[in-house]
Every structure is written in structure tokens, then in C-alpha cells.
Amino acid sequence: MADQLGAQEVVLRLDGITKRFGALTANDAVSFSLHRGEVVALLGENGAGKTTLMNILFGHYTADEGTVELFGQPLPPGNPRAALAAGVGMVHQHFTLADNLSVLENILLGTRPLWSFGFDRASARARIVQLARDFGLSVVPEHRVGNLSVGERQRVEILKALYRDARILILDEPTAVLTPQETDALFVTLRKMVAKGLSVVFISHKLHEVMAISSRVVVLRHGKLAGEVATGQTDRHKLAELMVGSEVKSPELRASTPGPALLTLSQISTPDHGNAPGLKAANLALHAGQITGLAGVSGNGQAALADLIAGLERPVSGDMALHGEAPAHWSPRAAMDAGIARIPEDRHKTGTIADFTLTENAILESYSQAPFSRRGWMNWRAARDFAEQVITRYDVRCPGPDTRIRLLSGGNMQKLILGRAMEPGPKVILANQPVRGLDIGAISFVHGQLLAARDRGAAILLMSEDLDEVMALSDVIQVIYEGRLSPPFSRGSMTAAQLGQWMAGGGFDGDAHAA
Amino acid sequence: MMEILDILLSASFWAAVIRIASPLIFATMGELICERAGVLNLGIEGIMVAGAFAGWMTVYSGGGLWTGVIVAMMAGMLFGLVHATLTVPFGLSQHVVGLGVTLLATSATYFAYRLALPRVNTPPRIEAFQPLPIPYLSDIPIIGHALFSQTPLTYLAFVLVAVVSVVLYRTPLGLALRAAGENPSAVAAQGLSVTGIRMGAVIVGSGLMAVGGAFLTMSAFNSFFFEMVNGRGWICIALVVFGAWMPGKALLGAVLFGVFDALQIRLQQTTLGADVPYQVFLMMPFLLSILALVVMSRRASVPAALMVPFNKGER
């Protein structure tokens, strides 16, 4: 493997690392090495074991088997202090910063023995400013971390590592929270670090970023090492294959045969909530056997529309019809009873209850109905059977239905939500950002399920901030702008640029309903 | 109205204010340290009772005054150890453990009192701390008498506020402690022990609470009787919030409470006191404290990880 780099110094060597969480094997005999002055990308789907592997290296977890060697020295397991002292810095996916402290204080935390007196703040500050300048990480040491943007916080995390003279930097999904411009700036920083002889492990599931920044790619699949290739000798397609284990198929699109309108909104308005606009005289018709895509810049009333359809919001004016009739009383319960399935935007906040088991989460919406409860008594056997059915049919990778859902990766959590929504055979599906933060394998699975539901005759509203996704899946596209909805455009009738104009508000002026 | 003005201008009033505030300052600093590290310590009320008894009993049995203060502190630290063990490594509910520690410490103290003095109806008095006027400074009108003719324990309370401020804001230990209460994973990521920091904070904080209790028996009432702490611990919990978890502001809160309390005693003796039932005056400091709390704490930022147990390795 990578013989051309053999001459260079090996700074990190992982050998046969195995880690089990209960019945789940997160890492299965994984080995790889990192050389001086290179970026190695650790690529894999959500739940492939990338983060676990790095947490073992950093001493947050103890490996069940295998050894870690840093600069030729064995690393004692389960001791973050040893890893830090040996020159490993880690930027976690969830930042480890204290909001009530300043940037300076966050960087200084832990750099001096607890029982020493005071800090030389002036020289510490000067050093931080110098490091920030050297590596292109602009921060103001006096600012409170609680007031910083996500990109700035990440820069503080990187500075924290550099301040401790890290020789190896581990970045766990660093771009997941960044804008494209911030990502570019991060890459500039990483290249500077490599040029100065530092080594970087870049954990990601985004192929184009891996191609852009790494010199070598290590691919993990289901906790096992699936392959190791030099970035120059591969391409995105081959990497995707290694990652998922089979060739990735784009969803097959057949023309739809739309049926009757199952849900119609006419001239609907809802109240504004602070900065979030409500709907303004919106017209929408969701037809059976058709995917309606909603395009728009986030914060333009998508939340209002999703809340309305989910029953969380009631219209102040306008008419709403379900299966041709106006609902008598509009509530989340009424929406569910009418056969509206919901895939919520934020699976952690509104989609699941973290400390509930998979079984409990699977019946969150239907617990009060047969067969899960009868005459006020829960039937846990039926609930468990349902959860097992969802786990099998929707390929939810987990130790079992009694696992707490917080232990699952985002993709597997989303598959459970999808299964919960799809199993009863819903008439109307509200899919709000259904693939946000998911890897390729999970994305194509979710898309495949939505298309299958469409072909079965369900009416689907697909809300996404990713215009490519909307254009790829939708039979009809409507654009939302400041709570107003554009008329429906059929597939292929608009280019991305034309839709972009509508998303920026063009076309809405004057008579918004003449298309 | 003139009567209130007379009260506010008298030196003895302000001396009383500081005297009333002193035990609150000790206990509030103790609670503040615990909460800054992320642990709500509701054992405060009982720990104050235990401290009051331990200090007084030591002196009554022939120990020195400062030995009494140290014994009181050790007693508090012992209950702090119980609290910390249950809430930090075991991660049990801080509310339940705290109330449990209060009940345990209170009952154990009364039990110990009855064991030590089985047949006493009037608790014996001890030779307590005497006022120690500071030369020259105590001659300043009003302020001099209020601030510089107090007992050594009162001076210690004010020194403590300065020490706590310096440690919290100027030392690596204080930085780690504040981080442990805000985002413990930030502390763990630096290889520091969240458990160690939090347990240490609770133990030391509990020791200070006990000294606050000991002030009552060794510097104010010179005797120990049941119910003497009388809710002061709960007041300190509120003072920490009032002070927005900052030592200086919490000190201000303690003095403000002292003003209310000293004022109500004196108002009972005015012409107003003849018409209004005395219970209304007793209620006043608490009502005003609630009001002050509402006004002051609306913008306060709670330590983000307060009452959140930290489990290493949890996803």
C-alpha cells in the first residue's frame, strides 16, 4: 500500500483495531497508517465506524483489540492526555467549546497544570494571533464563543489543537456545518498545515471534498476496511462503489400518471412567527401518484407550509381540502388520521425521542391505535413486531429493537422514521429535508422509497434546500418565496437558472398567479 | 417615613446588615462554586445546620474558635463528599440527592445534639468570636462601624469573595471549573477529569456552606438551637441566581438581603409596627428578594451544563 510514500516517516499506525458496543461491532480489525505531511481521508457512510475509530485513537474509547502507535511509540489506551501530549489534536463533529468563555479562555483551557497560578495572557494572546495569521484562521481572542458562527467556532477548535503543538490533526466531518466559502477557506488552512509538515486525517462522506483535499483515501464499510487508494488513481465513482459496496444507481424516473388531488390549499395564509414568514395566499394541490417538489431558499415559509400540513398550524384564511372535503378540526392528530405521513425536518428534535428505544420510537405516532393499544392497554409485543418489521424492510442497522435510538447513526435513524411513516401506506407524504446529512447509500434508499410510494399512488410533497434533489425527483415544482408559492412548473419546463430567479423573488411581482 | 430615614442613617443598622449578610456570603460562595462546576447543591440547608453544630460543639468541648471553624468546614466537606459521590460519578438526580443530604445532615445533627446533651433544655452559650475593630478604619462615621468593627469571621467572608473571584477568573483551575459547568466535554477533550473537578467543587463548596452555618453559632447567636438556620440555605440558592453566578454580584445580593432583614426588625418597633401584624414584616425580606430576583435574573445566563450529569463515552 502506498509504496511511493514508504520513504516518508510514519507518524501514526493503527493496527487491528476492534471495538464493540454491545452486539454492534463498530470497528472490525481496522489497520492503516498516516505519513508526515499528508492528508488522509477516512471515507465511509454514516455508521461505518469512522468516528469510533478516531475516538479510540484520541483515547475517548478503549479498543477491545488492536494497538495504536504514534511516532513509533505505543499509545496507552483510553487516555486523551497521552494522545494530546503525543501531538494529536482532534476537532470533533460536535465542538467541545464552552460558550460562556472567550476564545482565548477556550484555547487556554487545560494548557496549564490546574494547581498553577494565573496565565500569561499577553503572550498566550500573541501566540494565538501569530498562529491564526500563519494558518489563515481569523478569530478575535476576546470574543465570547457563544456569539461566534459555526465556522468561527471550528477555527477556534483548530487553533486549540495548533496551540498545543499538534503534529497530527483529526477533523471529524468538518465541512458538514460549513458554507461552501468556509469549506474553501478550511482547505486553504489544511494545505498550509501539510506544507509545514503536519499530518491530517480528514473524516468525511462527501466524495468531492475527499477528492479535492486528500492524497490518500482509506474507505471503511460496516466497520471494516473496504479499501485504500491513492487519490490520484481513483475517481468519485470508484470511491462511491468502495464505500457502498455496490455500484450506486441513480433513481430511475418514469413519467407519472397523476390521479385526483388529495390535498389542496387555496388562498391559504398563516401567521408569521418572528423572522419566519407565514404563508401568503398560497395555492397548492398534491395529486395522487405525483411528487411535488418545493424549491426555495431556506427561511422563506417552508416551515409554515410544513407545519400547516402536519397539523401544527391552522390557517388564518383560505380553504383547505383533504380528499375533497374541508377538515372539521385541524390538528396533528387529524392530519395523521387523514393518512398524512410526516418525515420531519429535524430528526433529532422532532422526529425521535433520543432515550426511547427503537420500538417506542417506531410507534410514536400510532401508539394509541390498534394493534399497539387496546382499551387503554399497550400491546408491546405488537409494537416490537412492528419495529422489527421496519428494521428488516428499511435496512435499519442496529443491535435490535430494544436499543435506545440515540445510539444510531443519522442515516439509520432516518430509515426508522421513513419506515414508520411508510409502513401504514400513507395517502399523502410530507417529506421535509428527507436526506439532509445522509450519505450516498442512505440517500438513494430514501429516494427509492419515495418514488415507490409515488408509483403506489401516494401524493408527495418534497421539501429540500438542494435544488438538484428537487429537480431530480419532482414531477411538478413550485417555488416558495416569502411565504408565497409560485404556480406549478412541470418537470423539465424550467432550467435551474430559471428556478433560481423565482427563488430570488423574480416572477412574483405583479400577478403572482399568472404563469 | 422619617422613622425609616432615621434607621437608614444609623450606624448600628448597617452593622446589623453586614452581620446578617456574613453567613449568607459564605454559603452563597459555596453554592456558587458548586453550580459553576455544574452541580446544584440542595444539601446547603442541612450542611449549614451541621456546620453550625460542629463549630459550636467543638468550642463547647474546649476547642479553640478557629479549630471550631475548621471542624465545621470538615463536617461540611464530609456531607459534600456524600453529595458529590452520588451526583457526579453515579449521576443521580441532583434535586433528590440534595434534598436527601439536607434531611440527612439536619437529622444527624439533631441526633448528635441529643446524644451530647441529653438533658439540656436551654442550650449552653459559648465564648464566641468578639468584634475586632480595625484601627483607624473603624473610626470612619457609619461605614467604619458597619464594616470595620465586625468579628474576624465577617472579614473572612469578604476576603473569601475576593479569593473566589480570583480563582474563578484568573487561574487554570477556575477556568476548568467554569468550563466543566458549561460544556464538560470541552474539559474531557483536554484530558482533564470532569469527575475530579466537579467532586472537588462540591466538596469545597460544601465546606464553605458549613462555615456559613458555623457563623450563626460562633459569631451571631453564640449558641446552638434547632431551626436556627431557618431557610438561610434556600436564600443562598436564590442569591446565586440573583448574582448571575458571579461572586461580586452575589455579594451584593447578600448585603441587599441583609438590608431587608435588618430593616424589618427595626420597622416592627416603629409606630407602623403597632398597626401591622409582625408576620408581615417577617415576610418582607423574602418578598423583596423574590422581586429582586425577578428583576435581576432575567438576563442571567445559567451555566449550560448545570444539573447535567457527564457520562464519558456516551454518544
Side-chain angles (χ1 to χ4, degrees), chain A residues 19 21 26 51-52 55-56 58-62 78-86 88-102 104-119 121 144-146 156-157 160-161 163-164 354-355 404-409, chain B residues 32-33 35-38 91 93 162-163 165-201 204 243-247 249 299-306 308-315:
Chain A
K19 175 72 184 173
F21 291 106
T51 304
T52 306
N55 276 327
I56 288 169
F58 200 68
H60 286 316
Y61 299 153
T62 311
N79 184 353
R81 217 144 178 79
L84 275 168
V88 180
M90 181 152 179
V91 177
H92 293 265
Q93 207 171 344
H94 303 287
F95 298 147
T96 56
L97 299 171
D99 281 358
N100 65 343
L101 305 182
S102 70
L104 180 68
E105 287 176 320
N106 265 290
I107 293 174
L108 287 181
L109 176 64
T111 56
R112 292 278 307 275
L114 283 187
W115 298 103
S116 58
F117 193 79
F119 289 106
R121 281 176 188 250
R144 235 177 119 258
V145 163
V156 176
E157 284 278 17
K160 246 167 87 175
Y163 189 86
R164 283 162 182 72
D355 281 316
R404 287 182 306 150
I405 204 160
R406 73 155 68 241
L407 296 171
L408 266 56
S409 68
Chain B
L32 189 140
I33 291 171
E35 292 193 19
R36 265 303 173 102
S93 157
V163 170
S165 298
V166 169
V167 170
L168 273 185
Y169 295 105
R170 293 273 169 252
T171 68
L173 183 68
L175 182 59
L177 191 139
R178 286 184 289 142
E182 185 73 13
N183 183 1
S185 41
V187 176
Q190 296 314 316
L192 302 172
S193 163
V194 176
T195 307
I197 290 170
R198 286 186 163 183
M199 284 190 74
V204 170
W245 289 269
M246 289 186 264
K249 277 193 181 177
R299 288 159 52 85
S301 59
V302 193
L306 182 61
V308 183
F310 179 71
N311 295 325
K312 200 180 164 196
E314 179 164 290
R315 284 168 81 166

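No hydrogens, no waters, no symmetry mates; every other heavy atom, side chains included, goes into these values. Quick note on labels: first sequence line is chain A, next is B, and so on, each numbered from 1.
Residue contact with chain A, scored on non-hydrogen atoms closer than 4.5 Å, is absent for B:Ala304. For A:Leu101, the part sitting under 4.5 Å from any heavy atom of chain B is the side chain, from C-beta outward, and nothing else. Neither the backbone nor the side chain of B:Leu177 comes within contact range of chain A; no heavy atoms are under 4.5 Å apart.
Salt bridge annotation for A:Arg144-A:Asp99: absent, with no cationic side-chain nitrogen under 4.0 angstrom from a carboxylate oxygen. Under a 4.0 Å N-O distance rule, the pair A:Glu105/B:Arg178 qualifies as a salt bridge.
Taking the six-membered ring where tryptophan is involved, the planes of A:Phe21 and A:Tyr61 are perpendicular, since the angle between them exceeds 60° and thus also 30°.
When side chains are defined from C-beta on, A:Phe117 counts as touching B:Val166, because their heavy atoms get closer than 4.5 Å. Side-chain contact between A:Arg164 and B:Gln190: present, with at least one pair of heavy atoms (C-beta onward) separated by less than 4.5 Å.
The candidate from B:Val167, B:Leu175, B:Asn183, B:Thr171 with the greatest count of non-hydrogen atom pairs under 4.5 Å with chain A is B:Leu175. Ranked by non-hydrogen atom pairs under 4.5 Å with chain B, the options A:Leu84, A:Asn106, A:Asn55, A:Thr111 are led by A:Leu84. For the options A:Asn100, A:Thr62, A:Leu97, heavy-atom pairs under 4.5 Å to chain B are most numerous at A:Asn100.
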